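Worksheet: the structure to be examined is printed underneath.
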2 protein chains.
Amino acid sequence: MDEGETGGAAQSVPALRRAVAILDHLAECGEPISAARLTKALGLPKSTAHGLLLVLVELDLVARSPEGLLRPGPRSLRWSNAFLAQSDLVEAFRRQVAADEHLSDHSVTLSVLDGADVVYLACRNGAAPLGITFRIGMRLSAPFTATGKAMFAAMTEADVRRAFPSRWPDPLTPRSVASLDAFLKELEATRQRGHSVDDGQVRLGMACVGAAVRDAQGLPVAGVALSFLEAEASAAVLDRFGNRLRAIAEALSRSLGWRG
Amino acid sequence: MDEGETGGAAQSVPALRRAVAILDHLAECGEPISAARLTKALGLPKSTAHGLLLVLVELDLVARSPEGLLRPGPRSLRWSNAFLAQSDLVEAFRRQVAADEHLSDHSVTLSVLDGADVVYLACRNGAAPLGITFRIGMRLSAPFTATGKAMFAAMTEADVRRAFPSRWPDPLTPRSVASLDAFLKELEATRQRGHSVDDGQVRLGMACVGAAVRDAQGLPVAGVALSFLEAEASAAVLDRFGNRLRAIAEALSRSLGWRG
DNA sequence: TTTCATAGTTCAATATATTGAACTTTGTTC
DNA sequence: GAACAAAGTTCAATATATTGAACTATGAAA
């Protein structure tokens, strides 16, 4: 999901770009925000924002409270549901997870990289009170997650460096890997081990193992992970489930045409 | 989620409206489609569609395959996740379902009405092989679903008739209620019974009970339902869980400010 | 290979969206 | 209640998006 180039004649469609910027901002904000704050934050002319927001509200992309506060509306649900329904990867993951009884008590997730974040595309939450519930569409800083680590471990160092051109993401816990250099060392260990490990980098008390899913060209296009309470995550357990996960990742990779 | 009015000065923002129409069509289509077919289906000028699609692809709202086929892209995930994260109703449902051990083996769903469909906002799928997996964002014709029946039973006959001005939705199974008049009779039975019942109208072999969630004004804003294999859905079971569900719907309604 | 139809791409004249400025409404302070 | 600042709304001149027509590329049929 790179910042793509338009190719050929440059197209602008500024209304659409601004609508997307508005929706992204509302999503990142995490709480309702006034039109004035939104307009200032995005540097839009008042009139433009006014017109755009009227239509965004009409189209159910934005919801306006009686007090005039704005938050995302429900329209995007139909598109995101359609995206997931038409994803071969998600379908393969859902099938694989439904069929695997070894994983039944644990949280299993599938995510992809989007810039410096992972985005969760499918989640099967287990019963353990991890203190975190994975949600489809949820984003986390990639270097701290088992899925992110697994995907980056399958890339060149140059590609990893390119993903983090400026400041390192804010840590999620005191255990979150603190720098790019330390991250590169972890990735080497991940490659040696065959699967990735998050030992409390996303959430204290939670441990995860992860593995990368590859496409037909061998590029890492997704990561799968399994999460545990830290108390049950002995080295033997992590290894056992790490291997299980690698097998799943391989099965998914093969369904995407990988022939490694 | 009515077709809202713009209020005040009419705003057009046609690029945005057309982008939304494109995304809706891709979502409804259910499979990848060529730009030419999409353009013809929506009656757009070729040039306009061309430009819009270039930008939609650039913004990750649409994905284009190497063969030029179009399908929804991943961008909407962040907005739909934000919408769900900021919904008091969804939050209350998630909390309620997580806390209720009576429901643990069954599929529990929360949906809202959108025109003649219900849209699922939250789903906790159980272990039973219902032959259907509820997904967030998924839509079904409302009259056949337990949640739809529950919501319509809490409306006036005029409002129900207004929701179905033209042809009756295509049945999902041979048991799907066949007409508006038959539906109105079902709604009367639902009101008498206190909860709704779908006895194979969505999927043969699956039975559901449902109840409506009301807002502070007493209007039905959502429905909750519990699904079973038909083989386990004796009248006693349906009644027991119907009552359980009504209690859940009441708790949710109260969290939305209902004081009935 | 040629022909033809369809799909995709480019471009500038025309249509209309954008937005600065003015106005109105709302909320706060004195 | 008056004064003031900020938020929200309107409107037409200006900027630019839209799109018909022309062109290019692709695929199928003969």
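Lettering of chains follows the sequences in order, A, B, ..., and the numbering in each one begins at 1. No experiment lies behind these values; they were computed from the predicted model shown.
- Using a 4.0 Å heavy-atom cutoff across all strands shown, B/R18 reaches sugar-phosphate atoms only and no base atom.
- With the nearest nucleotide of DNA chain C identified for both A/P14 and A/K46, A/P14 has the one nearer the 5' end.
- As rounded to whole Å, 18 Å separates atom P of D/dT16 from atom CG of A/L16.
- Distances shorter than 4.0 Å separate none of the side-chain N or O atoms of B/H50 from OP1 or OP2 on C/dG8.
- Comparing atom distances between the B/S12 side chain and each of C/dA17, C/dA7, C/dT19 picks out C/dA17 as nearest.
- Straight-line distance from the CG atom of A/L53 to the P atom of D/dG8: 10 Å, rounded to whole Å.
- Using cut-offs of 30° and 60° on the angle between ring planes, the pair A/F134 and A/Y120 is tilted.
- What separates CD of A/E67 from P of D/dG8 is a distance of 12 Å, to the nearest Å.
- Here B/R246 does not pair with B/E250 in a salt bridge; the nearest charged N to carboxylate O distance is not below 4.0 Å.
- Residue A/R17 contributes atom CZ, which lies 15 Å from atom P of D/dT16 at whole-angstrom precision.
- To the nearest angstrom, C1' of D/dC11 lies 15 Å from CG of A/L54.
- Between A/L44 atom CG and C/dT18 atom C1' the separation is 12 Å, expressed in whole Å.
- Mapping B/P45 and A/S34 onto DNA chain D by nearest heavy atom places A/S34 at the nucleotide closer to the 5' end.
- For A/E157 and A/R162, the salt-bridge test fails: no basic side-chain N is under 4.0 Å from an acidic carboxylate O.
- When ring centroids are compared, A/W168 and A/F164 come within the 6.0 Å threshold.
- When the side-chain nitrogen and oxygen atoms of A/S47 are compared with OP1 and OP2 of C/dG20, none of them lie within a distance under 4.0 Å.
- Atom pair A/L52:CG and D/dA17:P shows a separation of 13 Å (rounding to whole Å applied).
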